[in-house]
Visitor: 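There's a structure below that I have some questions on.
Both ligands and their constituent atoms are indexed starting at 1 by order of listing. Basis for what follows: all heavy atoms, side chains included, without hydrogens, waters or symmetry-related copies.
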Amino acid sequence: MSVLIAYASAKGSTGEIAERIAEKLRESCPASTVKCSPISAIDVTSLPSYTAVIVGSAIHAGSWLSPARRFIHNNAIVLKEKPMWAFSVGMPPKEEDRRKEEQMIEEKIRKTLPNLRRHELFEGRFNKQDLPWFGRIIISCCIPKDKAKFGDARDWVEINAWAEVIGKEITALSAGGTQ
Ligand SMILES: Cc1cc2nc3c(=O)[nH]c(=O)nc-3n(C[C@H](O)[C@H](O)[C@H](O)COP(=O)(O)O)c2cc1C
């Protein structure tokens, strides 16, 4: 099988997660070829040649970044025919917020891609300096401390485990399974 991991990242943490997922899939599905690329570098005319696609994006203001939204919207006809997985990368302050945001984003993706098999929201990396100056002021003066989280919260064990599950699903698909 030929697998594409397409991602949109503003500050790099989503790209690093995408690369880790690619590395794990190459280990667990040695018979598959795995390409990992920022969406901006993907030649969309090559999309029909992939047998499975994973799309990932950082979250800004409750939504995927626009390259990722445009990618699934503009290529929905091709993507709807393929096994599809998605991941989001955000910085929800608490586990409860993470589950809510994960569900909200998943509902948005499913409107375009009802064939989506799985979606997971991973915690990413968020530095105050990544915000524009007015964003930093708002965070400092108006957002309670427990409503914002900063630092690198990526859980590589969780990311590896998710990649392992996808690897098993891809292996089952290449073996002609219905999973
Ligand atoms: C301007 C801005 C808006 C953000 N909005 C959200 C948000 O709505 N929800 C969330 O969970 N994380 C939000 N984040 C945190 C990012 O999603 C998180 O830092 C992520 O790891 C960034 O990925 P990247 O390094 O690939 O750009 C925001 C970050 C920035 C800079």
Visitor: With atoms numbered from 1 as shown, which atoms in ligand 1 lie under 4.0 angstrom from a non-hydrogen atom of A10?
Guide: 24 (P), 26 (O), 27 (O)
Visitor: Hey, are E95 and R99 close enough for a salt bridge, meaning a charged N less than 4.0 Å from a carboxylate O?
Guide: yes
Visitor: Looking only at protein heavy atoms, which one is nearest to atom 18 (C) of ligand 1, and how far off is it?
Guide: R125 O, 3.6 Å
Visitor: Could you tell me, atom by atom, which parts of ligand 1 come under 4.0 Å of a heavy atom of E101?
Guide: 7 (C), 8 (O), 9 (N), 10 (C), 11 (O)
Visitor: Minimum heavy-atom separation for I42 to A6, with atom names?
Guide: CD1-CB, 3.3 Å
Visitor: Quick one: does A61 get a heavy atom under 4.0 Å from ligand 1?
Guide: yes
Visitor: I'd like to check which ligand 1 atoms, numbered from 1 as shown, lie under 4.0 Å from a non-hydrogen atom of P92.
Guide: 11 (O)
Visitor: Per the side-chain contact (heavy atoms from CB on, under 4.5 Å) rule, which among I109, L113, I54 passes with M84?
Guide: L113
Visitor: Do other residues, nucleotides or ligands put more than 12 heavy atoms under 6.0 Å from E96 CD?
Guide: no
Visitor: Are the side chains of S63 and R69 in touch, meaning some heavy atoms are under 4.5 Å apart?
Guide: yes
Visitor: Would you say S9 has any N or O atom under 3.5 Å from an N or O of ligand 1, going by distance alone?
Guide: yes
Visitor: If the cut-off is 4.0 Å to any non-hydrogen atom of A58, which atoms of ligand 1 fall inside it?
Guide: 22 (C), 23 (O), 24 (P), 26 (O), 27 (O)
Visitor: Ring pair (Phe, Tyr, Trp, His ring centres under 6.0 Å) with F126: which residues, sequence neighbours excluded?
Guide: F150
Visitor: In terms of residue, atom name and distance, what is the protein heavy atom nearest to atom 1 (C) of ligand 1?
Guide: L131 CD2, 3.8 Å
Visitor: Which of the numbered atoms in ligand 1 are below 4.0 angstrom from a heavy atom of G90?
Guide: 10 (C), 11 (O), 12 (N), 17 (O)
Visitor: Less than 4.0 angstrom from a charged side-chain N to a carboxylate O is my criterion; do E23 and R26 meet it?
Guide: no
Visitor: Which residue owns the protein heavy atom closest to atom 12 (N) of ligand 1, what's the atom, and how far is it?
Guide: M91 N, 3.0 Å
Visitor: Which heavy atom in P48 sits nearest to a heavy atom in K82, and how many Å separate them?
Guide: O-NZ, 3.3 Å
Visitor: Go through ligand 1 atom by atom and flag the ones less than 4.0 Å from a non-hydrogen atom of T14.
Guide: 23 (O), 24 (P), 26 (O)
Visitor: For the residue pair K149 and M91, what are the closest heavy atoms and their distance?
Guide: O-CG, 3.2 Å
Visitor: Quick one: which of Q103, R110, K108 gives a side chain to side chain donor-acceptor pair (under 3.5 Å) with E106?
Guide: R110
Visitor: Among all protein non-hydrogen atoms, which one is nearest to atom 16 (C) of ligand 1, and what is the separation to 0.1 Å?
Guide: I59 O, 3.5 Å
Visitor: Show the atoms of ligand 1 that are less than 4.0 angstrom away from any heavy atom in G124.
Guide: 21 (O)
Visitor: Please identify which atoms of ligand 1 are closer than 4.0 Å to at least one heavy atom of G62.
Guide: 7 (C), 8 (O)
Visitor: Return yes or no for this condition: an N or O of G15 is under 3.5 Å from an N or O of ligand 1.
Guide: no
Visitor: Classify the angle between the aromatic ring planes of F87 and W162 as parallel (below 30°), tilted (30 to 60°) or perpendicular (above 60°).
Guide: perpendicular
Visitor: Identify the protein heavy atom lying closest to atom 30 (C) of ligand 1, giving its residue, its atom name and the separation to 0.1 Å.
Guide: H60 NE2, 3.4 Å
Visitor: Out of G12, A18, P132, S13, whose heavy atom sits nearest atom 22 (C) of ligand 1?
Guide: S13
Visitor: Give the residue, atom name and distance (to 0.1 Å) of the protein heavy atom nearest atom 27 (O) of ligand 1.
Guide: K11 N, 2.7 Å
